[in-house]
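Worksheet: the structure to be examined is printed underneath.
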Protein chains: 2
Amino acid sequence: MPEHAQPIVTVDVVILSLQDGALNVALVRRDHEPHAGDWSLPGGWVHADQDADALAAAYRILAAKAGLDSPYLEQLKTFANRHRDARGWSVSIAHYALVPMTQAAAPQVKWRPVDDIGSLPFDHAEILRTAVERVRSKTAYSSLPVHLMPPTFTLTELQRVYEQVLGMALDKRTFRRRIEELNLVEPAAAARDAAAAHRPAQRYRVKRRFGKELAMSDRNLV
Amino acid sequence: MPEHAQPIVTVDVVILSLQDGALNVALVRRDHEPHAGDWSLPGGWVHADQDADALAAAYRILAAKAGLDSPYLEQLKTFANRHRDARGWSVSIAHYALVPMTQAAAPQVKWRPVDDIGSLPFDHAEILRTAVERVRSKTAYSSLPVHLMPPTFTLTELQRVYEQVLGMALDKRTFRRRIEELNLVEPAAAARDAAAAHRPAQRYRVKRRFGKELAMSDRNLV
DNA sequence: ACAATAGTGTCTGTCAGACAATATACA
DNA sequence: TGTATATTGTCTGACAGACACTATTGT
């Protein structure tokens, strides 16, 4: 067994969703010192007796601290050094989760735009930056943003979400060609937009096999 | 402080190099139980008193257990669950390192082709698989494999290394166009190939600013 | 018919891959 | 000159981006 003092191990989760047309992160108030009462990323100790692995711990934290479920949760990176927590050498196995924009969080959660965050405790600002970079990078060549969508959506709505995540305009023709190549969505029968003074859009849903997976493109989507 | 039993934290390093024209991994014999005497990935406890962060621990392990230095060492993924080590819930912050094919390892190191590994202790086979996947993936759109090269090399040699890492043939014209676009290498003056009955190749070296960095392409290299 | 958004057709410049032509060593 | 590898030129099919045209709804 180890001869050296062992580090503290925690799991933190960057929960991302769309609110008011912008990528937002879920923050919660810290229960304990240090930084008690400050808004921070939800996180917690590994519960060795109940968490099978780090991913399970992240799902537990997502549910317990934010009241959310996620169709896409994965490990981001591990932040481990002697400076990030004044209590000593500590390890945060950081994860990130995408949550559909229609899902309601627990009342203690505050959503904040990822590009307009004040300061966060520990190295949570760096963890958030890393998560947003990862999401933007994956968005460019995969179906990642569909996990931010409601159960059915139009292609125009999906394109808006890609644009909001990437922060840039996309060409309609190219975007639709790519989505078709990914073989990602199928028409959601009979459900059409509410009446409006223009042609209604076809609504789509993500094909079942991409429920928890990603469709990857070998070339860039945008 | 934590109310729950804390996991064990280790750092493991997947050290990759080219040997005999194939991607190889460095294995060492384990000192201690469990699996004492078995060949495994080099790893060890975090030394909270001397390692500033996980990356520093990986560099320490690279030097101390394999006698190597690496121009490219980064975090891979963290393997954390209750099953990987019979002693209990444990965390391995896994890293991977590329080492130039000309660098000699310590005598206790055994190089093994990554596609022909027997069984490895713990989940080291899975860690190795993940590392090789990552390297192949990054090779497709970045300059990663230059860190396997000796100080100077020809473009043909560089192409062979890309091909050996990816396991597929590349088109010469396309490859050279991409490398030029990356603005990655510069001619190594006056150093030309040994005499041979054909035109000698220009030798190149990696530009200084890519010594520890990667050049990324926005499209695929291959 | 008009307005507004959805959806599709198509042109054009760019470029990856293929392949050929030229260059430069030594024998 | 012949052989072998290096290096560069160039053709062609594919396709991303641009843009316009058609489709479909309510007013």
Side-chain angles (χ1 to χ4, degrees), chain A residues 21 139-143 146 149-150 152-164 166-205 215-222, chain B residues 21 139-143 146 149-150 152-164 166-205 215-222:
Chain A
T139 293
Y141 63 88
S142 82
S143 63
V146 299
M149 304 304 291
T152 74
F153 49 86
T154 70
L155 292 184
T156 301
E157 288 165 356
L158 182 60
Q159 182 175 344
R160 293 289 163 269
V161 169
Y162 269 80
E163 290 175 336
Q164 285 156 4
L166 292 172
M168 60 185 289
L170 303 180
D171 179 78
K172 177 166 68 169
R173 199 70 184 82
T174 306
F175 182 78
R176 284 167 183 244
R177 266 197 295 245
R178 284 283 185 277
I179 296 301
E180 186 171 15
E181 281 167 16
L182 286 180
N183 200 21
L184 172 71
V185 297
E186 58 193 2
R192 302 202 129 225
D193 261 340
H198 57 79
R199 176 175 176 175
Q202 175 68 52
R203 301 192 71 81
Y204 292 86
R205 63 170 156 260
M216 301 294 215
S217 172
D218 55 344
R219 49 175 161 273
N220 278 3
L221 272 166
V222 293
Chain B
T139 293
Y141 63 88
S142 82
S143 63
V146 300
M149 304 304 290
T152 74
F153 49 84
T154 70
L155 292 183
T156 302
E157 287 165 356
L158 182 60
Q159 183 176 344
R160 293 289 162 271
V161 169
Y162 269 81
E163 290 174 338
Q164 284 157 3
L166 292 172
M168 60 185 291
L170 303 180
D171 179 77
K172 178 166 64 170
R173 199 71 183 85
T174 307
F175 181 78
R176 286 168 183 241
R177 267 197 293 246
R178 283 282 185 277
I179 296 299
E180 187 172 16
E181 280 167 16
L182 287 181
N183 199 21
L184 173 69
V185 297
E186 59 194 359
R192 302 202 129 224
D193 261 341
H198 57 79
R199 175 173 176 176
Q202 175 67 52
R203 301 191 72 80
Y204 292 87
R205 63 168 157 262
M216 300 296 217
S217 173
D218 55 343
R219 48 175 161 273
N220 277 4
L221 271 168
V222 293

Report task. Take atom CZ of Phe175(A) and atom C1' of dA18(D), then tell me their distance rounded to the nearest Å. Result -> 17 Å
Query raised in the report: Can you tell if the side chain of Arg176(B) reaches within under 4.5 Å of the side chain of Thr156(B), non-hydrogen atoms only?
Result: yes
**Report entry** Distance in angstrom units between Glu181(A) CD and dA14(D) P, rounded
**Finding:** 14 Å
Report task. Look at Glu180(A) together with Arg177(A) and state whether they make a salt bridge at an N to O cut-off of under 4.0 Å. Result -> no
Query raised in the report: Is Arg178(B) near enough to dC15(C) that one of its side-chain N or O atoms lies under 4.0 angstrom from OP1 or OP2?
Result: no
Query raised in the report: Separation of Leu170(B) atom CG from dA16(C) atom C1', in whole Å?
Result: 12 Å
Query raised in the report: Listed by chain and number, what are the salt bridge (charged side-chain N to carboxylate O under 4.0 Å, His left out) partners of Glu181(A), not counting sequence neighbours?
Result: Arg178(A), Arg219(A)
Report task. Nearest whole angstrom, please: distance from the P of dC19(C) to the CG of Asp171(B). Result -> 9 Å
Report task. Find the distance Leu155(A):CG to dT5(C):P and express it as a whole number of Å. Result -> 16 Å
Query raised in the report: Roughly how many Å is it from CD1 in Ile179(B) to P in dA16(C), rounded to a whole number?
Result: 13 Å
Requested in this report: Measure from CD on Gln202(A) to P on dT5(C) and round the result to the nearest Å.
Outcome: 19 Å
Query raised in the report: Which residues satisfy the side-chain hydrogen bond (donor to acceptor under 3.5 Å, both in side chains) test with Glu186(B), sequence neighbours excluded?
Result: Arg205(B)
Query raised in the report: Quick one: do Arg160(A) and Glu157(A) make a salt bridge, cutoff under 4.0 Å?
Result: no
**Report entry** Beyond-backbone contact of Tyr162(B) with Leu170(B), side-chain heavy atoms, under 4.5 angstrom
**Finding:** yes
Query raised in the report: Between Glu180(A) (CD) and dG7(C) (P), how many Å, whole number?
Result: 12 Å
Tabulated below should be each protein N or O lying under 3.5 Å from an N or O of nucleotides 8-12 of chain D; please produce it.
| unit_1 | atom_1 | unit_2 | atom_2 | d |
| --- | --- | --- | --- | --- |
| dG9(D) | N7 | Arg173(B) | NE | 2.9 |
| dG9(D) | N7 | Arg173(B) | NH2 | 3.3 |
| dG9(D) | O6 | Arg173(B) | NE | 2.9 |

Query raised in the report: Nearest to the side chain of His198(A) - dA18(C), dA6(D), dA4(C)?
Result: dA4(C)
